[in-house]
Protein chains: 2
Amino acid sequence: MDRRRVRGRGSGALMASKVVTIEDVALLAKTSPSTVSNVLNGRLDRMRPETQERIQRAMAQLGYTPNQLARQLKTGQVPILGLVIPSVANPFWGAFAQCVEEAARGRGYQVLFGNAGRDPAQEERYAESLWGYGVRGVIFGSSPLSLDHVQGLVRRGLRAVTFDRDTRGADRGVGVEIDSISVDNALGARLATEHLLALGHRRIGFLSGPLRTASRLQRLEGYRGALRAAGLDPHPALVWEGLPSEGFGDVEGAEFGRRGARDLLGLAEPPTALFAINDMYALGAYAGARDRGLAVPDDVSVVGFDDIFLAEVAQPALTTVRQPLREMLRTTVTMLVDRLEGSRDGPADHTVVTPELIVRASTAAREAA
Amino acid sequence: MDRRRVRGRGSGALMASKVVTIEDVALLAKTSPSTVSNVLNGRLDRMRPETQERIQRAMAQLGYTPNQLARQLKTGQVPILGLVIPSVANPFWGAFAQCVEEAARGRGYQVLFGNAGRDPAQEERYAESLWGYGVRGVIFGSSPLSLDHVQGLVRRGLRAVTFDRDTRGADRGVGVEIDSISVDNALGARLATEHLLALGHRRIGFLSGPLRTASRLQRLEGYRGALRAAGLDPHPALVWEGLPSEGFGDVEGAEFGRRGARDLLGLAEPPTALFAINDMYALGAYAGARDRGLAVPDDVSVVGFDDIFLAEVAQPALTTVRQPLREMLRTTVTMLVDRLEGSRDGPADHTVVTPELIVRASTAAREAA
DNA sequence: GACGTTTTGTGCAACGTTGTAGTAAATCGA
DNA sequence: TCGATTTACTACAACGTTGCACAAAACGTC
C-alpha cells in the first residue's frame, strides 16, 4: 500500500495542507535526505559543489521550507523568545515589544508574545504553553511582586529575565537563577520630585495605580525620600492608588491618570504638582486637570516616567524620567540568549540602569500664591 | 547501553535542559505512553477512572507539559496564528495586536507576531518562517499594495486574511483564496471631509505619508470626492505625502504628522483644516500647528482616522473616524480559524465595515475671516 | 594492481507524540 | 465451562529532521 500522506483525518479537525519534505527534495535532486540535511546545516565541505547546486535548485523549485517543528524536536528547543507583558495595547509595552523583537532578530530569534495583564495565573499558563512549544527563554515585563508561579519551570530549565523586577530576594529563597534588569526607580522618582521641589512646589501628588509591583513601590519610596530630605512630611492623602479591585491601568492608563488627577485636584488643599507613575498616567492627568478647569503647567505641573515617544508630542510636551528602553532591552536579550546558548553561566545578574530627567514644558515654577 | 538522554552536544550550541516526557509519566503511573496520550486527548472513556487519576497525579508530580512540537508533528500544524504588522510600537497596531490576541485566545490559539515595517521582503521572510513553525493561518495588517510575495505560500496551503487591503484583484489573477476585511475607507474620508466642509472650511489639507497602500489611496479618493461634490477643486498642493524615500511613519507617525502640518500651514495660502491619514498623524499635527503658533481648533481644525484610545485623551480631544477594531478583528479571527479548521470553505470573503465619525473638540467652525 | 587516503555520499536510530490495530483481562449468557 | 462480548489497556509505526557511523567511489603511491 502506498504510504504517502493521508491527512486531515482524526478528531483534531485541522485541515490538510500539502507539505514539501526533505525527502521530496532528495528525490528530485537524486540524492539522500541526509545530504539535503547537510546543505541545510551548512556542512558544505561534505559534498561536491555540483551536488549542492542540484539540491539548491530542487529546494527552490519545490518551494521547500524546513519544518522547524521536526528540526527542533531533536534539540528540544526552538529559536524563539517568549515575551510576557501586561498589554501590547499600552504604547509603553508596544515600544517595549518592538525593541525586544529588534534585538532578538539580531540574534536570530523570533518573539512569541502574550498579554498576561499582570495576572500570575495567566502568566503561568502562558509560560507553560511557551515551554511546550520548545521556548526556553522568556522575558517577563513587570511581573507581580512574586515570581513563585514560574519557579517550577525555571527549575526545569527555563531561562528567564525580568524587567523592572529585582529578583534578588527570590533567588535566596529557592536557589534559582533569574536575571533581572531595571532602571533605578527610586533614583528616578527622586529626580522627578527634586525637580518639582526646586520649582517651588510643596504639595506634590503621587499618581499611581495599585502599588503591587516592585517598581511602583520603589518609585513611591524615592518620592517620599526626596520630600523628607527637603524637610517635608509626605502626606498620605496625596498618594492616589486607584481602587484595589481594579486593574493596573495598563490598557487604560490614561483613564486612570485622568481620574486620579481629578480626585487629587479636588482635595480641599490640592497639590500644585503631580508626579505620575508613568507617562500614560501623566497624559491622562492632563485631561484630569482640564476637567477641573486647570491648565498644565500654569496651574499644575506634571512629571511622568518612561519617556514614551508621546511625551514629546504631547501638548504641552511632558517633563519625564527617561528609561533607556532600547539599550536596556538589548542588554536583556543578550543576557538571555547568552544563557540559552551556554556562553554565559553562573549566578544571576541584576543590572540596574540610571535614569535621566528630561525637562520639557509640563513643569513650571509655582506661582507665588 | 542506556539510551537515556545525552543533550547539549552538536554544533548548535543550544544548552541542555531536562524535559519530562510522556514516557516518564507512563513509567511513574505504571501504564503505557498510549494511555497517557489518551488522557491528554480527552479519551477518558477508554480507561478506569482510577487509572486516569493515577496518571493525573504523575503528571502533576513531574510537572509535565506536553511537547507541542512533537504533538503537532503528526498533524503538521500548530494552534498559533501569525500576525504581520508594520510595527507594534505604534499604538494603533498595538491595540490591533491586543484585539487579535484576545480573539485568538477565545478560540484556543496563540499569536506569533512580527514587525515587518511594510517591507515585502521582510513580510515574505516572516511568512516563510511562520510556515516552518507549522503556522497555517496568518493575518496581514495593512500590507503593501501587492501580495505577490506570499502567493507561493498561499498556494501551498497558507490561510491568510488581510486587514485593510482588498484582495479582490489579486484573486482574479492567480485563483488564490485570500479573505479580506477592511473599513470603508472612502466613506470614512468622505465623512471627515464633509464634516469639515459643513463647518465652513474650504481649504482642507490631506495629511498622509506615502500613498502606497490601498487604504490610503481610498481615503484620498474619499476626500477628493467630497470636495468635488461640494463644487471644490482638490488642490494637489494641499496633499502632503512626505518624502517617497522615507518610511510610512508607522513608528514615527506623530513626527510625520508634525512635519506635514508644519509644511502645509506654512504655505502662502494655508489650509484652515487638516484631515490626517490616521490619529497618530493627527496628534502630530497638533504639535505642528503649535510650532507655527496656531491653536487647535481655533486656528486649524484637525480630523483623524482610527479612533485610537489616545484620541479621547488628547488635548483637545480629537474628532476622528472610528474603525470598530475589536469587532473587525473578532470577525477576522473567526474567518481565519474557521478556514483552518475546515468549517468554512469556498471563495474568498471580502468584508467591508462601515466607519463612524466621532465629533470631539478638535474641529470648529471656520472664523468668518 | 593492491593498498591506504581522502572525498563524497548514505543508512539508521533517535526526538516526543498520536491513533490505529491490536491483545489481554474481565464479564456474561447459556 | 466454553465461546462471545465488552472493557481496559498497549505495541507500533508514523510525523520530518538530524548527526553519527559507516560505505562507496575516486585518487594517489609504490
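The sequence lines fix the lettering, A, B, ..., with proteins before strands; numbering per chain opens at 1.
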Report yes if a side-chain nitrogen or oxygen of [X] is closer than 4.0 Å to either non-bridging phosphate oxygen (OP1 or OP2) of [N]; otherwise report no.
X: A/Ser34; N: C/dC12; value: no
X: A/Arg48; N: C/dT7; value: no
X: B/Thr21; N: C/dG16; value: no
X: B/Arg43; N: C/dG19; value: yes
X: B/Ser37; N: C/dG19; value: no
X: A/Thr35; N: C/dT10; value: yes
X: A/Arg71; N: D/dT18; value: yes
X: B/Thr31; N: D/dT10; value: yes
X: A/Asn38; N: C/dG9; value: no

Worksheet item: Reckon A/Leu69 touches a base, only the sugar-phosphate, or nothing at all at heavy-atom distances under 4.0 Å?
Response: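 It contacts nothing in the nucleic acid.
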
Discussion item. Would you say that B/Tyr109 contacts B/Leu340 through its side chain, given a criterion of any heavy-atom pair below 4.5 Å between the two side chains?
Written reply: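 Yes, their side chains come closer than 4.5 Å.
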
Discussion item. With a 3.5 Å cut-off and heavy atoms only, can you find an N or O donor on one side and an acceptor on the other between the side chain of A/Arg46 and the base of C/dG9?
Written reply: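 Answer yes: a donor N or O sits under 3.5 Å from an acceptor.
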
Worksheet item: Under 3.5 Å, is there a donor-acceptor pair between the side chain of B/Asp119 and the main chain of B/Ala116?
Response: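 Answer holds: no.
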
Discussion item. I'd like to know if the side chain of B/Arg54 reaches the main chain of B/Ala29, judged simply by a donor and an acceptor atom lying under 3.5 Å from each other, with no hydrogens or angles considered.
Written reply: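 Present.
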
Discussion item. Between B/Asp338 and B/Arg159, does any NZ, NE, NH1 or NH2 come within less than 4.0 Å of an OD or OE carboxylate oxygen?
Written reply: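 Salt bridge: no.
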
If I take atom [atom1] in residue [X] and atom [atom2] in nucleotide [N], what distance separates them, rounded to the nearest angstrom?
X: A/Glu23; N: C/dG11; atom1: CD; atom2: P; answer: 11 Å
X: A/Leu73; N: C/dG16; atom1: CG; atom2: C1'; answer: 6 Å
X: B/Gln52; N: D/dT10; atom1: CD; atom2: P; answer: 15 Å

Discussion item. If I take atom CZ from residue B/Phe113 and atom OH from residue B/Tyr126, how far apart are they, to the nearest 0.5 angstrom?
Written reply: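 The distance works out to 7.0 Å.
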
Worksheet item: End-to-end bend of the helix from C/dG1-D/dC30 to C/dA30-D/dT1 (five-pair axes, 10° rounding)?
Response: 60°

Worksheet item: Is atom CZ of A/Arg344 surrounded by more than 12 heavy atoms (other residues, nucleotides or ligands) closer than 6.0 Å?
Response: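 More than 12 heavy atoms, drawn from other residues, nucleotides or ligands, come within 6.0 Å of this atom.
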
Discussion item. For the CZ atom on A/Arg326, are there more than 12 heavy atoms of other groups (residues, nucleotides or ligands in this structure) within a distance under 6.0 Å?
Written reply: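 12 or below, so no.
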
Worksheet item: Under a 4.0 Å heavy-atom cut-off, which of residues 53-67 of chain A touch DNA chain D?
Response: A/Tyr64, A/Pro66, A/Asn67

Worksheet item: Do B/Ser37 and B/Ser34 have side-chain atoms, one donor and one acceptor, less than 3.5 Å apart?
Response: no

